[in-house]
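Since this is a predicted model, take the numbers as computed values, not measurements.
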Amino acid sequence: MKFIQILIALCFFISLSAQDKIKVACVGDSITFGAAIKDRVNNSYPAQLGKKLGEQWEVKNFGISGRTLLTKGNAPYVNSPQYKAALAFQPDVVIIKLGTNDTKPQNWQHKKDYASDYKKLIQSFQKLESQPAIWLCKAVPVFPERWGISNQIVQKEINPLVEAVAKEMGLPVIDLYTPLKNRPECFPDKVHPNAEGARIMVDQIAPLLKKHGKKLPAITK
């Protein structure tokens with residue numbers, strides 16, 4: 001009888017611990033997915049982030065290669081099963097890192113819609129019952145162009161738009177561009193960061209999440 005009581009208490013403790021975990025949804029394209037990273041399941045930035053944050057966090061990778069933020073782009077993220085899964089996850093924290101594939105000519109012709117599409121994506125997460133804290137990320141650099149993906153557009157157009165949307169919606173921005181702009185060795189194919197590049201991304205993200213948890217920092221407009 002005593003053994004059963006101990007077992008029930010243990011199950012209750014495990015269940016309670018799982019419920020107490022802070023759930024993080026990493027939303028993004030192939031860079032979030034971990035394309036070109038050896039053993040991406042363990043070395044992508046979301047995987048490394050989960051290890052860095054520790055047991056009280058549950059970090060899930062909802063990245064998918066080739067996706068655009070633009071809904072008129074050639075592969076909108078909002079049409080992907082990963083997007084629907086990220087919503088169903090009911091996260092406490094959402095990290096959005098999209099924009100790289102939007103710089104391709106066939107996509108960037110719709111750039112006038114970028115800010116409005118970004119706001120709609122954000123709002124879809126804000127409507128969730130879990131009321132997640134949402135962090136926007138600047139796109140990482142490109143060295144300097146490949147597959148139509150342009151560093152010039154990333155630096156001069158995409159990232160300023162990310163900042164503008166964040167300011168309008170009162171959300172924080174994580175700068176993933178600056179710490180990687182002088183690290184071409186972390187981008188073997190010029191576009192996708194390797195495991196070391198992913199680690200540098202985590203070094204920018206993890207301290208902010210550890211500090212603020214389920215909440216957002218106060219934003220001064």
Side-chain angles (χ1 to χ4, degrees), residues 25-37 40 44-46 61-87 94-126 134-169 171 173-194 197-198 200-201:
C26 298
V27 168
D29 48 33
S30 56
I31 293 167
T32 297
F33 177 76
I37 293 180
R40 71 161 199 90
S44 64
Y45 106 70
N61 188 339
F62 295 100
I64 178 171
S65 295
R67 294 292 166 153
T68 64
L69 175 68
L70 286 162
T71 58
K72 292 180 181 176
N74 62 348
Y77 184 80
V78 293
N79 292 346
S80 71
Q82 282 78 0
Y83 168 63
K84 295 177 179 62
L87 292 174
V94 177
I95 302 170
I96 302 175
K97 199 225 69 64
L98 285 162
T100 300
N101 293 306
D102 296 272
T103 70
K104 296 175 182 177
Q106 66 269 35
N107 298 321
W108 203 231
Q109 64 178 318
H110 305 294
K111 64 181 180 180
K112 65 179 179 60
D113 298 327
Y114 191 84
S116 59
D117 284 351
Y118 212 142
K119 286 184 277 189
K120 288 175 185 174
L121 177 66
I122 292 166
Q123 288 164 349
S124 70
F125 284 102
Q126 288 178 330
I134 300 172
W135 296 78
L136 309 187
C137 295
K138 289 186 180 181
V140 301
V142 184
F143 293 92
E145 182 171 335
R146 192 174 187 187
W147 305 311
I149 297 170
S150 166
N151 186 67
Q152 178 74 6
I153 295 176
V154 165
Q155 183 182 17
K156 302 295 185 181
E157 299 187 65
I158 291 286
N159 286 341
L161 279 169
V162 172
E163 289 184 317
V165 168
K167 184 176 181 180
E168 182 178 343
M169 302 197 73
L171 297 175
V173 175
I174 303 174
D175 183 4
L176 299 180
Y177 186 91
T178 301
L180 286 164
K181 68 179 182 179
N182 295 319
R183 299 293 303 272
E185 73 278 8
C186 291
F187 293 76
D189 66 4
K190 303 184 186 303
V191 173
H192 300 99
N194 58 16
I200 292 170
M201 293 170 66

Student: Do Tyr177 and Asn151 have side-chain heavy atoms sitting under 4.5 Å apart?
Tutor: yes

Student: From Ile174 CD1 over to Met201 CE, what is the distance, rounded to the nearest 0.5 angstrom?
Tutor: 9.5 Å

Student: Are the side chains of Val78 and Lys120 in touch, meaning some heavy atoms are under 4.5 Å apart?
Tutor: no

Student: Of the non-hydrogen atoms in Gly34 and Arg40, which two are nearest, and what is the gap between them?
Tutor: O-CB, 3.4 Å

Student: If we only count heavy atoms from C-beta on, is the Tyr77 to Leu69 side-chain gap below 4.5 Å?
Tutor: no

Student: Got a list of side-chain donor-acceptor pairs under 3.5 Å for residues 25-33, not counting sequence neighbours?
Tutor:
{"unit_1": "Asp29", "atom_1": "OD1", "unit_2": "Ile31", "atom_2": "N", "d": "3.1"}
{"unit_1": "Ser30", "atom_1": "OG", "unit_2": "His192", "atom_2": "NE2", "d": "2.8"}

Student: Considering only heavy atoms from C-beta outward, does the side chain of Tyr118 approach that of Leu98 to under 4.5 Å?
Tutor: no

Student: Give the minimum heavy-atom separation between Ala198 and Pro193, together with the two atoms involved.
Tutor: N-CB, 4.2 Å

Student: Considering residues at least two apart in sequence or located in another chain, which fulfil the side chain to side chain contact (heavy atoms under 4.5 Å, CB included) criterion with Asn74?
Tutor: Thr68, Gln106, Asn107

Student: Tell me every residue that passes salt bridge (charged side-chain N to carboxylate O under 4.0 Å, His left out) with Lys181, counting only those two or more places apart in sequence or in another chain.
Tutor: none

Student: If you take all heavy atoms of Leu161 and Ala115, which pair is closest and at what distance?
Tutor: CD2-CB, 4.5 Å

Student: How close do Ala166 and Val173 get, counting heavy atoms only, and between which atoms?
Tutor: CB-CG2, 3.2 Å

Student: Determine whether Leu180 and Phe187 make a side-chain contact, defined as any pair of heavy atoms from C-beta on separated by less than 4.5 Å.
Tutor: yes

Student: Can any side-chain N or O of Arg146 pair as donor or acceptor with the backbone N or O of Val191 at less than 3.5 Å?
Tutor: no

Student: Could you report the tightest heavy-atom contact between Arg67 and Pro76, atom names first, then the distance?
Tutor: NH1-O, 3.0 Å

Student: With sequence neighbours excluded, tell me which residues meet side chain to side chain contact (heavy atoms under 4.5 Å, CB included) with Lys84.
Tutor: none

Student: Ignoring hydrogens and geometry, is there a side-chain-to-backbone donor-acceptor pair from Thr103 to Ser150 under 3.5 Å?
Tutor: yes

Student: Measuring from atom CG of Asp117 to atom NZ of Lys112, what distance do you get when rounded to the nearest 0.5 angstrom?
Tutor: 9.0 Å

Student: Grab the two heavy atoms, one from Ala35 and one from Ser65, that are nearest each other, plus how far apart they are.
Tutor: CB-OG, 4.1 Å

Student: Name all residues meeting the side chain to side chain contact (heavy atoms under 4.5 Å, CB included) criterion together with Ala139; count only those two or more places apart in sequence or in a different chain, and write none if there are none.
Tutor: Thr100, Val154, Ile158, Asn159

Student: Got a second to check how far Asp113's CG is from Lys72's NZ, nearest 0.5 Å?
Tutor: 4.5 Å

Student: Do Lys104 and Ile149 make a side-chain contact, defined as non-hydrogen atoms from C-beta onward lying under 4.5 Å apart?
Tutor: yes

Student: Can you tell me how far the CD1 atom of Ile95 sits from the CG atom of Leu136, to the nearest 0.5 Å?
Tutor: 11.0 Å

Student: Can you tell me how far the CZ atom of Phe62 sits from the CD1 atom of Ile96, to the nearest 0.5 Å?
Tutor: 13.0 Å

Student: Side-chain contact, heavy-atom cut-off 4.5 Å: Glu157 with Trp108?
Tutor: yes

Student: Are the side chains of Gln126 and Met169 in touch, meaning some heavy atoms are under 4.5 Å apart?
Tutor: yes

Student: Which residues pass the side chain to side chain contact (heavy atoms under 4.5 Å, CB included) test with Asn194, not counting sequence neighbours?
Tutor: Cys186, Pro188, Glu196

Student: How many angstroms lie between atom CG of Leu70 and atom NE2 of His110, to the nearest 0.5 angstrom?
Tutor: 7.5 Å

